[in-house]
Undergrad: 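Sharing a structure here in structure tokens format.
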Number of protein chains: 2
Amino acid sequence: MKIEVVADIDSSLAPWIGKTSKIVDYYLQDALQQHGFKLTKEQFVLLKKLTEKDGLNQNELASLLYRDKSTMARLLAKMEKKGHVRREQSHKDKRINKIYITEKGKLTFDKTIPVVARIINILEHDITQTEKEHMINILKKVQSNLKLKPALPQERS
Amino acid sequence: MKIEVVADIDSSLAPWIGKTSKIVDYYLQDALQQHGFKLTKEQFVLLKKLTEKDGLNQNELASLLYRDKSTMARLLAKMEKKGHVRREQSHKDKRINKIYITEKGKLTFDKTIPVVARIINILEHDITQTEKEHMINILKKVQSNLKLKPALPQERS
DNA sequence: TAACATTGGTTGCGTATGCAACTAATTCTT
DNA sequence: AAGAATTAGTTGCATACGCAACCAATGTTA
């Protein structure tokens, strides 16, 4: 009887999603290191977001990247020290730090893109466009199923 | 041109898998805390594995759960201190610690299962069995696409 | 306007994670 | 059998993560 429930967990989506995500992260991280970029996956994602939208504050970034504001604060501190990112206190509201990507950050990001793109190509090998879309739809459904329930740190990405 | 590549990344599977996994983890963690279990998701997964197979050594567990042996060592130290797990040095090979789940560990695990099962039910709401199987197959394909390439810490789960 | 509430950001804490360097035990080689 | 290589586990280090408590600035309300 207990065994049934355990089997249920195994045949559910959750462990598959989790495990696959872990593997993807691992390869991405590995690729980023091997090519001499001292970027972590998280730092790459941050730069990507900043490339799309500059001048957000820390909370907004945390929200968009689905992390706690404290995590974001520390990530930004590291990135600022490395010179990839600039923190600028707002004049109107002195509580707010607006975040901008620097030239160095842009450069690093551009150099990193092909590496990431390569991993993505590998990982999607032999998967059709239809399958991809189908899968993304199911993933969206999983997300919205969970979004309905309790409260998350913040919003979506 | 750069924008194209960025768009490529966004429409690929990787970010969807990652984000969904993050959300699932978050809910699982939250549910485990809310019900007064002081278990983390990792600790739950460890107990689950031990329920299925007792007496493995640390490296084997690390391998099965897809983590570095140092991470596993520390997780086990915590679980041992809590009394969920017992570490027993092998007589034949004194390097090896065989890991056993304790009665307390079993009890905790059993009480936790319904909580996890509930999250799984929520997350799979409105997803058909066929869709589920289809999705798991694609996830398997992603995993094997990546497994072919460089080297991972260890083996599969 | 003074008191209270809210908001953005920081910090301490506990956990998790992988890598590299290390020790002790075991196995392989010569 | 002695020396070399391998293996299991540990530890230091850096990063990441969320929560809770906190501070300072802004907003709200009485």
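We name chains A, B, ... by the order of the sequence lines, and we start the count at 1 in each one.
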Undergrad: Going by number, which of residues 71-84 of chain A have a non-hydrogen atom under 4.0 Å from DNA chain D?
TA: A/Thr71, A/Arg74, A/Leu75, A/Lys78
Undergrad: Is the phosphate of D/dC17, meaning OP1 or OP2, less than 4.0 Å from a side-chain N or O of B/Lys22?
TA: yes
Undergrad: Can you figure out which of C/dG9, D/dG9, D/dC17 approaches the side chain of A/Lys69 most closely?
TA: C/dG9
Undergrad: Any ion pair linking B/Arg87 and B/Glu80 (charged N to carboxylate O, less than 4.0 Å)?
TA: yes
Undergrad: Run the side-chain contact (heavy atoms from CB on, under 4.5 Å) test on B/Leu76 and B/Leu46 for me, step by step, so that the C-alpha distance in whole Å, both residues' side-chain angles and the decisive distance to 0.1 Å come before the verdict.
TA: CA-CA 9 Å; B/Leu76 288 170; B/Leu46 172 66; 3.8 Å; yes
Undergrad: Are side-chain N/O atoms of B/Lys98 and B/Gln89 paired as donor and acceptor at under 3.5 Å?
TA: no
Undergrad: Report which part of the nucleic acid B/Glu60 touches: base, sugar-phosphate, or nothing (heavy-atom distance under 4.0 Å, all strands).
TA: nothing
Undergrad: What nucleic acid atoms does B/Gln33 come within less than 4.0 Å of, heavy atoms only: base, sugar-phosphate, or nothing?
TA: nothing
Undergrad: Scan A/Lys92 against the nucleic acid and name what it touches under 4.0 Å (heavy atoms): base, sugar-phosphate only, or nothing.
TA: sugar-phosphate
Undergrad: So which heavy atom on A/Lys41 is nearest to which on A/Gln29, and how close?
TA: N-OE1, 3.2 Å
Undergrad: Using a 4.0 Å heavy-atom cut-off across all strands, classify A/Thr40 as base, sugar-phosphate, or nothing.
TA: sugar-phosphate
Undergrad: Where do N or O atoms of nucleotides 2-5 of chain D meet protein N or O atoms at under 3.5 Å, pair by pair?
TA:
none

Undergrad: Does any N or O in the side chain of B/Asn59 come within less than 3.5 Å of the main-chain N or O of B/Lys69, such that one atom is a donor and the other an acceptor?
TA: no
Undergrad: Look at A/Tyr27 and C/dG18 and indicate whether a side-chain polar atom (N or O) is within less than 4.0 Å of OP1 or OP2.
TA: no
Undergrad: Let's test your reading of the model: under 3.5 Å, does the base of C/dT7 pair with the side chain of A/Arg95 as donor and acceptor?
TA: yes
Undergrad: From CG of A/Leu61 over to P of C/dG8, roughly how many Å is that when rounded to an integer?
TA: 13 Å
Undergrad: Have a look at B/Lys98 and say if it touches a base, only the backbone sugar-phosphate, or nothing, with a 4.0 Å heavy-atom cut-off.
TA: nothing
Undergrad: Would one find a side-chain N or O of B/Asn57 under 4.0 angstrom from OP1 or OP2 of D/dG9?
TA: yes
Undergrad: Carefully, step by step, assess B/Ile23 and B/Thr20 under the rule side-chain contact (heavy atoms from CB on, under 4.5 Å).
TA: CA-CA 5 Å; B/Ile23 296 179; B/Thr20 310; 5.6 Å; no
Undergrad: Would you check, one step at a time, whether the test side-chain hydrogen bond (donor to acceptor under 3.5 Å, both in side chains) holds for B/Gln33 with B/Lys38?
TA: CA-CA 6 Å; B/Gln33 300 305 320; B/Lys38 289 179 197 134; over 6 Å; no
Undergrad: Check residues 119-127 of chain B and write down every donor-acceptor pair under 3.5 Å in which the side-chain atom is one partner and the other belongs to a residue at least two apart or another chain.
TA:
from: B/Glu124; atom 1: OE1; to: B/Lys132; atom 2: NZ; distance (Å): 3.3
from: B/Glu124; atom 1: OE2; to: A/Leu13; atom 2: N; distance (Å): 2.7

Undergrad: Take atom CG of B/Leu39 and atom P of C/dT15, then tell me their distance rounded to the nearest Å.
TA: 12 Å
Undergrad: Is A/Ser70 side chain donor-acceptor paired with the D/dC19 base, going by distance under 3.5 Å alone?
TA: yes
Undergrad: Separation of A/Asn59 atom CG from D/dA24 atom P, in whole Å?
TA: 18 Å
Undergrad: Side chain of A/Lys94 only, please: which of D/dA25, C/dT11, C/dT26 is the nearest?
TA: D/dA25
Undergrad: With heavy atoms under 4.0 Å as the rule, sort A/Lys38 into base, sugar-phosphate or nothing.
TA: nothing
